[in-house]
Amino acid sequence: MIGIELSGLQLALLGIATMVLAALVLYFSDFRGSRRWARADTRLAMFRGTVITYAVSLVASAAILWVFGRFDGMGPAAIAGLTVALGVASTLGASAGRLLLQGGNDGG
Amino acid sequence: MGKPAKNWLEWSVFAVSLVLVAGTLGFLIRESFVAKGGTAEVIARLGPPKAAAGGFMVPVEVANLGKGTAEDVRVTVVLELPEGEREEGALDIAFLPRESRRNGWVTFRNDPGRGVLRLGATAFEEP
């Protein structure tokens, strides 16, 4: 219901905060596996990685919501809001989860 | 050893991702201005009743044509029967965002064909 109750501006800020969270996990938190699998030497590389990570999480969120019929009868604003709200959890999976899976392959 | 150059596929993925993210955030910001200060406008429509095991089911379609989200929507349906008899049912919807619609059913014990079906008052809350 967060995606429906929040205003468009609040949801946009939530989306930006989610991207910041993804960038922190991938590039600034010394998360397990981040040095090897999420290395970015320039700001552009960091921005690129963050945007791609968030886009993947939005697509995954939208796909899950659509499969479970959460978009049925909904207007475009509600669809975008639900996707962004679920995108917070999806982004954690796309960033930290990805590093954990990749890091687990090489034992640390 | 230098860094490998990004190929066209990687740049294409980045471009598509950037468009998707910027488009989504831009759309939400635009929506905040379009829907600012607006209230919900809930309308309902009844469909043809059908006989069921528990009575007679009447389909109800509820739509929000306004600019705001409606919370705890209640649509009442009244069946007025001959000799002053009356049966009332209600459909409750937790959330109805703007430009959205929901479908539900109201079941009556009496046959709607014997009387007149009409919509009663509709109530909702602003979240």
Side-chain angles (χ1 to χ4, degrees), chain A residues 1-20 22-23 39-42 44-63 65 69-88 90-91 94, chain B residues 1-7 9-38 40-42 60-73 93-104 124-127:
Chain A
M1 296 304 117
I2 293 174
I4 296 173
E5 290 193 48
L6 294 181
S7 69
L9 184 60
Q10 289 171 320
L11 285 164
L13 291 174
L14 179 65
I16 292 169
T18 305
M19 291 178 66
V20 170
R39 193 171 57 193
D41 299 324
T42 64
L44 176 61
M46 286 184 196
F47 178 69
R48 191 171 51 221
T50 303
V51 166
I52 291 175
T53 298
Y54 189 52
V56 168
S57 73
L58 286 181
V59 170
S61 301
L65 289 166
R70 292 301 184 184
F71 287 167
D72 294 349
M74 290 284 196
I79 288 173
L82 289 172
T83 303
V84 169
L86 184 59
V88 177
S90 297
T91 299
Chain B
M1 186 173 145
K3 289 180 293 186
K6 298 292 180 190
N7 60 30
L9 182 59
E10 288 170 308
W11 282 110
S12 298
V13 169
F14 171 56
V16 171
S17 300
L18 188 60
V19 167
L20 178 64
V21 171
T24 300
L25 297 181
F27 175 75
L28 289 170
I29 291 171
R30 174 191 166 274
E31 280 297 306
S32 71
F33 290 107
V34 167
K36 191 173 183 177
E41 285 180 33
V42 177
V60 183
E61 182 183 280
V62 187
N64 181 358
L65 305 181
K67 290 186 176 180
T69 295
E71 185 178 349
D72 291 334
V73 179
I93 298 170
F95 278 98
L96 191 61
R98 62 182 283 247
E99 296 176 353
S100 300
R101 55 188 67 240
R102 287 273 193 275
N103 293 298
F124 61 88
E125 194 179 324
E126 284 189 358

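Sequence lines set the chain letters: A, B, ... in the order given, protein chains first and strands last, and positions in each chain run from 1. Predicted model only: the values in this text are computed from it and were never measured. As a basis for the values below, the full set of heavy atoms in this structure was taken, side chains included, without hydrogen atoms, waters or symmetry mates.
Listed here is the closest heavy atom pair of B:Phe27 and A:Ala77: CE2-CA, 3.7 Å. Residues A:Met74 and B:Ser100 share a closest heavy-atom pair of CA-OG, 3.4 Å. Smallest separation of non-hydrogen atoms from B:Leu28 and A:Gly81: CD2-N, 4.2 Å.
Interface remark: of the candidates A:Leu9, A:Ile52, A:Ile16, A:Ile52 forms the most heavy-atom pairs closer than 4.5 Å to chain B.
Both the backbone and the side chain of A:Ile4 come within contact range of chain B, each with at least one heavy atom under 4.5 Å from a heavy atom of that chain. Heavy-atom distances place the side chain of B:Arg102, and not its backbone, under 4.5 Å from chain A. Proximity to chain B is limited to the side chain of A:Val84, based on heavy atoms less than 4.5 angstrom apart.
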Please tabulate, for side-chain N and O atoms in residues 14-25 of chain B, each donor-acceptor pair with protein atoms closer than 3.5 Å (sequence neighbours left out).
{"from": "B:Ser17", "atom 1": "OG", "to": "B:Val13", "atom 2": "O", "distance (Å)": "2.8"}
{"from": "B:Thr24", "atom 1": "OG1", "to": "B:Leu20", "atom 2": "O", "distance (Å)": "2.8"}

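To the nearest 0.5 Å, atoms CD (A:Glu5) and CD (B:Glu126) are separated by 12.5 Å.
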